[in-house]
Amino acid sequence: MCLVRYRPPVNKITGAMPMVMFERLIGDLPDLRQLTLQGLGEPLLAPDLLAMIRLAKGGGARVGFNSNATLLNARRAAELVDSGVDWLHVSLDGADAGAFEAIRDGASFDTVVGNLAGLVAAKRAAGSDTPWIRVVFVAMRRNVAQLPDLVALLGRIGVAELRVQNLSHTFGDTDPSGAYREIRDYAAAEALWTGEDRAAADAAFAAARRAAKDHGVMLRLPSTGPHPGGCTWPWDAAYVTSDGVVQPCCMVMGDDRVALGRLDEQSFPEIWSGAHYQEFRRRLAGDDPPDVCRGCALYQGTF
């Protein structure tokens with residue numbers, strides 16, 4: 001379900017934003033309010049992650065990221081609590097090893113759950129209110145029935161919140177036989193957007209609500225019906241790849257799909273106010289949105 005699964009692997013140095021680029025970007029954004037330190041890979045692989053957190057926090061921004069938690073051992077958990085990072089979201093797409101490991105190829109359910117519990121313990125040991133810990137579950141045909149059991153598991157661990165979301169994109173704007181074929185086919189096979197899935201999804205969501213009430217877990221569920229046109233990303237925020245390509249959001253994923261500028265050619269403020277951004281905003285606000293937005297769950301109101 002993640003684009004990385006269908007791309008050649010990169011090492012943690014090649015796949016990380018250089019610190020000098022990050023420093024220049026932060027310097028160009030003196031009014032930055034919130035920063036999410038992640039791209040299409042695992043943030044705990046980034047060699048400068050702690051330095052990036054501290055630099056952005058020093059400027060007054062709230063900072064956090066999503067993680068698959070496979071590398072979130074006791075030492076890393078303590079370092080993150082000490083860094084003052086504001087939130088940490090952990091991806092957990094199943095309530096048992098069979099379901100989880102079939103989705104998260106190469107990950108260990110026991111390791112991830114143990115690391116998640118260790119993060120809760122590290123936060124308590126430090127007497128810290130941060131990071132806010134949220135588990136994120138991507139609901140699909142293969143795993144949606146596991147939601148109630150996952151809520152109960154999180155209640156036992158001490159995680160306060162579970163966010164359930166749909167797959168982010170249909171990739172319907174891409175060539176059916178092109179580079180995005182595999183992830184396009186995966187979305188078609190697993191997405192809960194069709195009418196035939198709604199009864200099963202609604203039943204799982206209702207059971208999850210009851211479990212959340214019983215276990216004291218905050219639960220956010222996605223919409224099962226489309227409400228197109230609700231995206232405000234290009235006016236509120238931006239996504240910058242590790243190579244410095246500026247995109248309108250993280251939902252479009254591959255930088256070959258849309259690029260609004262490059263940090264090695266222009267400053268971020270120049271890109272943000274430039275003609276490409278202005279045209280993208282104009283189309284998104286009208287009746288002819290960019291093709292890359294049409295299959296987006298956020299644009300459709302189902303994310």
Side-chain angles (χ1 to χ4, degrees), residues 1-6 38 40-45 65-73 77 87-121 132-169 182-183 185-194 196-224 297 302-303:
M1 65 196 163
C2 179
L3 189 61
V4 171
R5 185 65 178 82
Y6 305 106
Q38 72 188 76
L40 295 181
E42 168 54 46
L44 291 178
L45 288 170
F65 61 92
N66 286 14
S67 173
N68 60 32
T70 57
L71 301 177
L72 189 60
N73 57 32
W87 77 87
L88 202 163
H89 299 170
V90 172
S91 298
L92 191 56
D93 301 305
D96 58 46
F100 172 80
E101 292 170 10
I103 294 170
R104 294 279 171 176
D105 191 15
S108 162
F109 178 76
D110 290 341
T111 297
V112 169
V113 171
N115 288 349
L116 180 58
L119 179 62
V120 173
W132 177 258
I133 302 168
R134 171 192 284 167
V135 163
V136 180
F137 175 96
V138 180
M140 297 175 282
R141 287 172 179 161
R142 66 169 66 188
N143 69 350
V144 68
Q146 295 232 319
L147 263 178
D149 289 340
L150 180 60
V151 171
L153 173 63
L154 298 184
R156 293 193 297 271
I157 292 173
V159 173
E161 184 179 1
L162 172 63
R163 177 191 172 99
V164 181
Q165 65 187 51
N166 280 312
L167 288 168
S168 62
H169 213 288
E182 287 180 283
I183 194 167
D185 291 348
Y186 188 97
E190 293 290 347
L192 294 172
W193 293 323
T194 64
E196 64 194 71
D197 298 303
R198 289 194 187 157
D202 287 345
F205 290 172
R209 287 190 193 95
R210 293 191 294 271
K213 184 176 180 180
D214 291 341
H215 294 277
V217 175
M218 295 171 58
L219 178 65
R220 182 271 184 190
L221 295 168
S223 169
T224 55
T302 58
F303 191 57

Colleague: Nearest heavy-atom pair of Ala208 and Leu147: which atoms, and what distance?
Modeller: CB-CB, 4.0 Å
Colleague: For Leu72 versus Leu119, what's the shortest heavy-atom pair and its separation?
Modeller: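 Residues Leu72 and Leu119, closest heavy atoms: CD2-CD2, 3.9 Å.
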Colleague: Any chance you could measure Asp110, atom CG, to Asp96, atom CG, to the nearest 0.5 Å?
Modeller: 10.5 Å
Colleague: Which value, rounded to the nearest 0.5 Å, describes the distance between Leu150 atom CG and His215 atom NE2?
Modeller: 11.0 Å
Colleague: For Asp149 and Ala95, indicate whether the former's side chain and the latter's backbone hold a donor-acceptor pair under 3.5 Å.
Modeller: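 No; zero donor-acceptor contacts below 3.5 Å.
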Colleague: Between CZ of Arg141 and CG of Leu167, what distance do you get to the nearest 0.5 Å?
Modeller: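 Separation between the atoms: 10.0 Å.
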Colleague: Are the side chains of Met140 and Ile103 in touch, meaning some heavy atoms are under 4.5 Å apart?
Modeller: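 Yes, their side chains come closer than 4.5 Å.
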Colleague: Please give me the minimum heavy-atom distance between Pro222 and Thr302, naming the atom from each residue.
Modeller: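 Scanning both residues, the minimum pair turns out to be CB-O, 3.6 Å.
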Colleague: For the atom pair CG (Leu162) and CD1 (Ile133), what is the distance rounded to the nearest 0.5 Å?
Modeller: 13.5 Å
Colleague: Where do Glu101 and Phe109 come nearest, in terms of heavy atoms and distance?
Modeller: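 In this case the closest contact between Glu101 and Phe109 is OE2-N, 3.0 Å.
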Colleague: Charged N to carboxylate O under 4.0 angstrom, Arg142 versus Glu190?
Modeller: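 Between Glu190 and Arg142 there is a salt bridge, with a charged N closer than 4.0 Å to a carboxylate O.
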Colleague: Side chains of Leu221 and Arg209, heavy atoms from C-beta outward: is any pair under 4.5 Å?
Modeller: yes
Colleague: Please confirm whether the backbone N or O of Val138 pairs with a side-chain atom of Asp93, one donor and one acceptor, at under 3.5 Å?
Modeller: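 Yes, Asp93 side chain to Val138 backbone: donor-acceptor pair under 3.5 Å.
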Colleague: Look at the side chain of Arg220 and the backbone N and O of Val164, then say whether any donor-acceptor pair between them is shorter than 3.5 Å.
Modeller: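 Yes; at least one donor-acceptor contact below 3.5 Å.
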Colleague: Would you compute the distance between atom CZ of Phe100 and atom CD of Gln146 and round it to the nearest 0.5 angstrom?
Modeller: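 Between atom CZ of Phe100 and atom CD of Gln146 there are 11.5 Å.
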Colleague: Which residue in the set His89, Glu42, Arg134 passes side-chain contact (heavy atoms from CB on, under 4.5 Å) when paired with Asn66?
Modeller: His89
Colleague: Between Arg163 and Phe303, which heavy-atom pair has the shortest distance, and what is it?
Modeller: NH2-CD2, 3.8 Å
Colleague: Any side-chain donor paired with an acceptor under 3.5 Å for Thr70 and Asn68?
Modeller: yes
Colleague: Are any non-hydrogen side-chain atoms of Phe205 and Leu219 less than 4.5 angstrom apart?
Modeller: no
Colleague: So how far is it from Asn143 CG to Leu192 CG, rounded to the nearest 0.5 Å?
Modeller: 8.0 Å
Colleague: For the residue pair Val135 and Val159, what are the closest heavy atoms and their distance?
Modeller: CG2-CG1, 4.0 Å
